[in-house]
Structure formats: C-alpha cells, structure tokens
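Both counts, for ligands and for their atoms, begin at 1 and track the order of listing. Computed over heavy atoms, backbone and side chain alike; hydrogens, waters and symmetry mates excluded. The first residue in the sequence is number 1, and the count goes up from there.
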Amino acid sequence: MLNKRIEQALNNQLKLEAFSSQYYLSIASWAENNGLNGTAEFFYQQSDEERMHMLRVLKFINERGGVGIIPQLDKPKDSFESITSVFNDFLKHEMEVTASVNEVVAICLEEKDHATNNFMQWFVSEQIEEEALVRTLIDKLTLIGEEKSGLYFFDRDLVSMKANDVTINNTL
Ligand code: FEO
C-alpha cells in the first residue's frame, strides 16, 4: 500500500510525463508545418514514449492501492526559433524530468518504500539514456552550425539515429 506522500510524488511524476508527451507532440506538429519531417517523426515517437511513461506510473499507483489522477495540463509552447533551440529546450526539459525522478527516489528512501524505489530505477536508467541521446544530437547540431545542407541531412537522419539508439539500448 502506498503512503500518501509517495502517492502524491508519483502523481506529480505522472503529470510531468503527461506534459512531456504533449510538449513533444507540439514540437512534432511545429516541425511538420515547417518542412522538418524527420524532426516531426522523431518527436511524434518521443511523444508516444512519454505517454507510455505516464501509463507506467498510472498503473503502478493503481496496482499499489493508490489513486492515479489524470491531470489538467498547461498548454505547451507551440512555436520555436530553430531546430537547435528545439533540441536545447528538449535537453532542458529532460533535465527537469531527471530532477523530478531523483526527488521521487529521495522520498522513497526517506519513507523506506523499497518497492517504489525499485519501480523508479527504470526511470533513473531511462533518463540517463534520454539525456545522452539529446546531448549527442546537440553536439551534432553544434558541428553543423547554420549550414543548410548539414541541417537537411540532420533532419533526414534523425529517425534512424533514434532507432539506432533504441537498438543499442535493447542489446545492453
Ligand atoms: Fe519520460 Fe523523457 O521523460
């Protein structure tokens, strides 16, 4: 049975994952409307992943005797300066998610809730992978700079870079 403090922390995490899904959907839609089809596909996939994260937390709360709350969400940003600013914001957002995951883990340790701590370790690993992927992509964008053909190939190859990342992660 979840104690109330843990239940609240997990519901906060659920809300952040739900917001992440909407945020990345907003980026995908912006990219699609600006001729960045690879970036759009990348963020549509990312949005789906965040929805799965949200569901994972929701089901855990309910299975452990708590009540998962479907939250009202703020409207995400819907216009972006450039592909580089999109990826910088993406990293910033994922670092906030990581801080939130760490906070839930810290509360689990204080409350001696080892089951929830164990559940949260999947998110700890996931955040390491997500941040590493975004940093790699930002490094590539830094190398490309403002060069149009470089940005064209970056956009075109984004989905396969994500697929390769998933393949590498699944074989670990
Ligand atoms: Fe589920 Fe990207 O945080």
Distance flag, aromatic centroids of Y24 and F42, threshold under 6.0 Å: no

Could you tabulate the donor-acceptor pairs under 3.5 Å formed by side-chain atoms of residues 140-148, not counting sequence neighbours?
unit_1, atom_1, unit_2, atom_2, d
T142, OG1, I138, O, 2.8
E147, OE2, S149, OG, 2.5

What pairs with R5 under salt bridge (charged side-chain N to carboxylate O under 4.0 Å, His left out), at least two apart in sequence or on another chain? E110, E111

How about F87 and F43: are their ring centres within less than 6.0 Å of each other? yes

Metal site atom 2 (Fe) of ligand 1, protein N/O/S atoms found under 2.8 Å: 4

With side-chain contact (heavy atoms from CB on, under 4.5 Å) as the criterion, how do E130 and H53 come out once you've worked through the C-alpha distance, each side chain's angles and the decisive distance to 0.1 Å? CA-CA 13 Å; E130 288 206 338; H53 297 173; 3.7 Å; yes

Would you list the atom pairs, donor with acceptor, under 3.5 Å between side chains in residues 58-74 and any protein atom, with sequence neighbours excluded?
unit_1, atom_1, unit_2, atom_2, d
N62, OD1, G68, N, 2.8

